[in-house]
Amino acid sequence: MKITVLAGGVGGARFLMGLVSELTRTHPDGEGGSTAEITAVVNTGDDLWLAGLRVCPDLDSIMYALAGANDTERGWGRAGETERVSAEMTAYGVGWPWFTLGDLDLGTHIARSHWLREGLTLTEATARLTERWSLGVRLLPATNDRAETHVTVADSEGPLGADPVAGATRSIHFEEWWVKHRAALPALAFTQLGIETAHATPEALAAIADADVVLIAPSNPVVSIGTILSIAGIREALAHTSAPIVGVSPIISGAAVRGMADACLRAIGVEVSAEAVARHYGPRTAGGLLDAWLLDETDAAAAAALSAAGIRTSAVPLWLTDERTSADLARAALDAASA
Ligand code: FO1
């Protein structure tokens, strides 16, 4: 069975871990893995060049989590990390002092940047990085092209010393908005710089076309899933695949499960609810994405209206507290696909 998952970072990683665990149980390959082929098409909108290194936060969060090498407290970066090199970089004023590149994490960025400079695509570099770990999932960047998410915010600082110009705005990289400002600056818009010329990779398009099931992970619907969808070719591939498409709500009883999905949804004028996100993705029968939608039991009241709108909706426990609940969620998503 071929399963393709559209995923962002932390939410995507937890969901994929549950999927691997569930398919290892139901489709064992006799060597501790599964006969199912799981492919993740991963958001690259958070990516950036920093101190001469290409950093890919969502690809790395998923790789480290599936490898069991991630810092489960922070949800990003490596377990047992140290920050000696980062301290030196800060002492020299190189990089962002508030965006820590740990020593082990730097190994990933140095290897990736080396391969990119040798002319490999991000897809090829990612394949080399993941060869080292037996992830049980093939990781594919949605595009090899740069399409970095920037956030438009009010320019309250204004030119040096001068009064801020009313209505002036500025655009900062998503990671600056997310990490330096903790998404506290109201986001006026999200744009992907370079999106006009970015194309989905052939591998990502094939993974969608050839899938038996396509799952939309409970990642940020705006800056993770939304960014993947904005890349040329992805929406068309989703419209044409014969696979059922099942989405998992990133919002539980009106609140973002993690991260700042609520701040992002408000910025694009979408209500912070499981129902509103499903409608935002839209029913496939009306040109949208979804055949089916999973929302939490606390949001079960919305199921009837969504089903009437063409999105088969079921209420299941969505809190991914541990591997078993993640596996149960994966099971529910696969059941919704086969229904
Ligand atoms: N998140 C933080 O809150 N603080 C950091 O210093 C930080 C550094 C960092 C370095 C590499 C990387 O791949 C991710 C990093 N993140 C950090 C997490 C990052 O903001 C998130 O993983 C995603 O961009 C949001 O999904």
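Computed from a predicted model, the values in this text were never measured in an experiment. We count residues from 1, following the sequence as given. Numbering of ligands and ligand atoms starts at 1, following listing order.
Salt-bridge annotation for D60 and R78: absent, with no side-chain N of the basic residue lying under 4.0 Å from a carboxylate O of the acidic one. Between R279 and E275, at least one side-chain nitrogen of the basic residue sits less than 4.0 Å from a carboxylate oxygen of the acidic one, meeting the salt-bridge criterion.
Remark: N43 CG to N220 CG distance equals 9.0 Å, nearest 0.5 Å.
Sorted by chain and number, the residues within 4.0 Å of ligand 1 by heavy atom are D46, V55, P57, D58, S61, W76, W98, F99, T100, L101, D105, E175, W178, V179, R182.
Under the 3.5 Å distance criterion, with hydrogens and angles disregarded, no donor-acceptor pair is assigned to the side chains of D58 and S61.
When hydrophobic clusters are built by joining Ile, Leu, Val, Met, Phe, Trp and Tyr residues whose side-chain heavy atoms come closer than 4.5 Å, directly or via intermediates, V55 is not grouped with I62.
For D335, the salt bridge (charged side-chain N to carboxylate O under 4.0 Å, His left out) criterion is met by R331, not counting sequence neighbours.
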